[in-house]
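To start, the structure itself, in structure tokens.
Bear in mind the structure is a predicted one, so any value in this text is a computation, not a measurement. Each chain gets a letter, A, B and so on, in the order its sequence line appears, and its residues count up from 1.
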2 protein chains.
Amino acid sequence: MSKAAVHKENLVRTAMRLFRRQGYASTGLQQILDESGAPKGSLYHYFPAGKEALGEAAVELAGALVRQKLVELAERHETPSAFARGYCGVMAGWMAESGFRSGCPVATTVLENAPQSPGITRAGRVALDSWIEVATEVFARDGLPRRKARMNAELLVGAVEGALLLARVRQSKQPILDVAKSF
Amino acid sequence: MSKAAVHKENLVRTAMRLFRRQGYASTGLQQILDESGAPKGSLYHYFPAGKEALGEAAVELAGALVRQKLVELAERHETPSAFARGYCGVMAGWMAESGFRSGCPVATTVLENAPQSPGITRAGRVALDSWIEVATEVFARDGLPRRKARMNAELLVGAVEGALLLARVRQSKQPILDVAKSF
DNA sequence: TCCCGAATAGAGTGATCGGTCTAATTCGAT
DNA sequence: ATCGAATTAGACCGATCACTCTATTCGGGA
């Protein structure tokens, strides 16, 4: 990989981390540049559309990372309830690790920009749908009809997103862990 | 009510509406002043702590409004599932009315500021807890033990919050309405 | 080695940010 | 009518915002 691509990747990773912790609008490009170590000239070279394109890439990356984790969990755990425990455990762990500062890598950026920014809206939809798709498979292979499996998957993913909000204000991972008990 | 108090109330209401639609950080004080019709001198008279205090007041107001609506629904609907249908119906209605632009009046502001801002974090916790409290009563009077009632209430509120995110990216109220089918 | 496009440096753009300050005005109680 | 406090007007602050632009440097294929 060329040195250039390293800078591009660092930009996206740093943006994702900062957007997650402090929101999209209140994260300045300068801070992203400083913390990523990427030169300023590169930002608009790789992302001519500017901050919005960076936000889109950050949401895409976050979506892919979470999806990858869910795929692993789906392989490791047979039953939906074990899968849900794994999912909630991972999210609760991330939340606690960050000192309850970093929530869902997708939610904040999406809530601040959907639907005004078509790119970020699309990236958020793709990300969430990809998570739901993985969860749907887990419910479906347990014997649930497709429709019901999908409903459960959406409820699970949605409930986890809501629990992340609750965990944030309560400074506790209990709300996230509790979600798993209903699946 | 004095003319002054009218300006203060307008400031909070306008802030709530704008924070909900476009986020906390990307809403400028100037825009809030313009749209509320309140004079700039008043803002720092009523909110010496500035934007953060305004955000706290906006979250408090939003929390109280939703809580009031939930109390009405709890009185009107006997069973938890009817209550859940009412809850989801109201939220889906608000979402659709706004053209899928305005989400939860609490979530966005909280995600952008918790836990950095103690005031907003506290206001968000109080708001969410008050909603959960109302829902818990509904489950409890249906015969569920207190602990189980509270778990269901947290799951319901959390799932609705997550569904609001899903609805936003999909431009559809279906995810919100679907939540009710599981309660 | 040469060369050309990709990548980088970094100053500079105007606009807007949240917040401060002082003086003028308005209001309610007496 | 008067007085003191509450409120308002609005200029002003430095900082930071996203973004642009040009000149320079760098790297890899011929």
Dump every N/O contact between nucleotides 16-19 of chain C and the protein below 3.5 Å, one line per pair.
residue: C:dG18; atom: OP1; partner: B:Thr27; partner atom: O; Å: 3.2
residue: C:dG18; atom: OP1; partner: B:Lys51; partner atom: NZ; Å: 2.9
residue: C:dG18; atom: OP2; partner: B:Leu29; partner atom: N; Å: 2.8
residue: C:dG19; atom: OP2; partner: B:Tyr44; partner atom: OH; Å: 3.0
residue: C:dG19; atom: OP2; partner: B:Lys51; partner atom: N; Å: 2.9
residue: C:dG19; atom: O5'; partner: B:Tyr44; partner atom: OH; Å: 3.3
residue: C:dG19; atom: O6; partner: B:Lys40; partner atom: NZ; Å: 2.1

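Taking both residues in full, the closest heavy atoms of A:Ala25 and A:Glu112 are given as N-OE1, 3.1 Å, listed atom of the first, atom of the second, then distance.
Here the straight-line distance linking atom CG of B:Leu11 with atom CG of B:Leu33 works out to 6.5 Å at 0.5 Å rounding. To the nearest 0.5 Å, atom OG1 of residue A:Thr136 and atom CD of residue A:Glu154 are 7.0 Å apart.
For B:Arg122 and B:Glu56, the salt-bridge test passes: some basic side-chain N is under 4.0 Å from an acidic carboxylate O.
Side-chain contact between B:Thr121 and B:Asn113 is absent, with no heavy-atom pair separated by less than 4.5 Å.
Look at B:His7 and you won't find any side-chain N or O under 4.0 angstrom from OP1 or OP2 of D:dT7. For the OP1/OP2 pair of D:dT7 and a distance below 4.0 Å, the side-chain nitrogens and oxygens of B:Ser42 include no atom meeting the criterion.
Counting non-hydrogen atoms of other residues, nucleotides and ligands closer than 6.0 Å to NZ of A:Lys173 gives a total of 12 or fewer.
When distances run from any side-chain atom of B:His45 to the nucleotides C:dA9, C:dA7, D:dT7, the shortest one goes to D:dT7.
The nearest whole Å value for the distance from the CG atom in A:Leu43 to the P atom in C:dA7 is 14 Å. One atom, CG of B:Asn10, and another, P of D:dT8, lie 11 Å apart when rounded to the nearest Å. For the pair B:Leu33 CG and D:dG10 P, the interatomic distance rounds to 13 Å; values are reported in whole Å. If you take OH of A:Tyr46 and C1' of C:dA7, they are 6 Å apart, rounded to a whole angstrom. Taking atom CZ of residue A:Phe47 and atom C1' of nucleotide C:dA7, one finds them 14 Å apart after rounding to whole Å.
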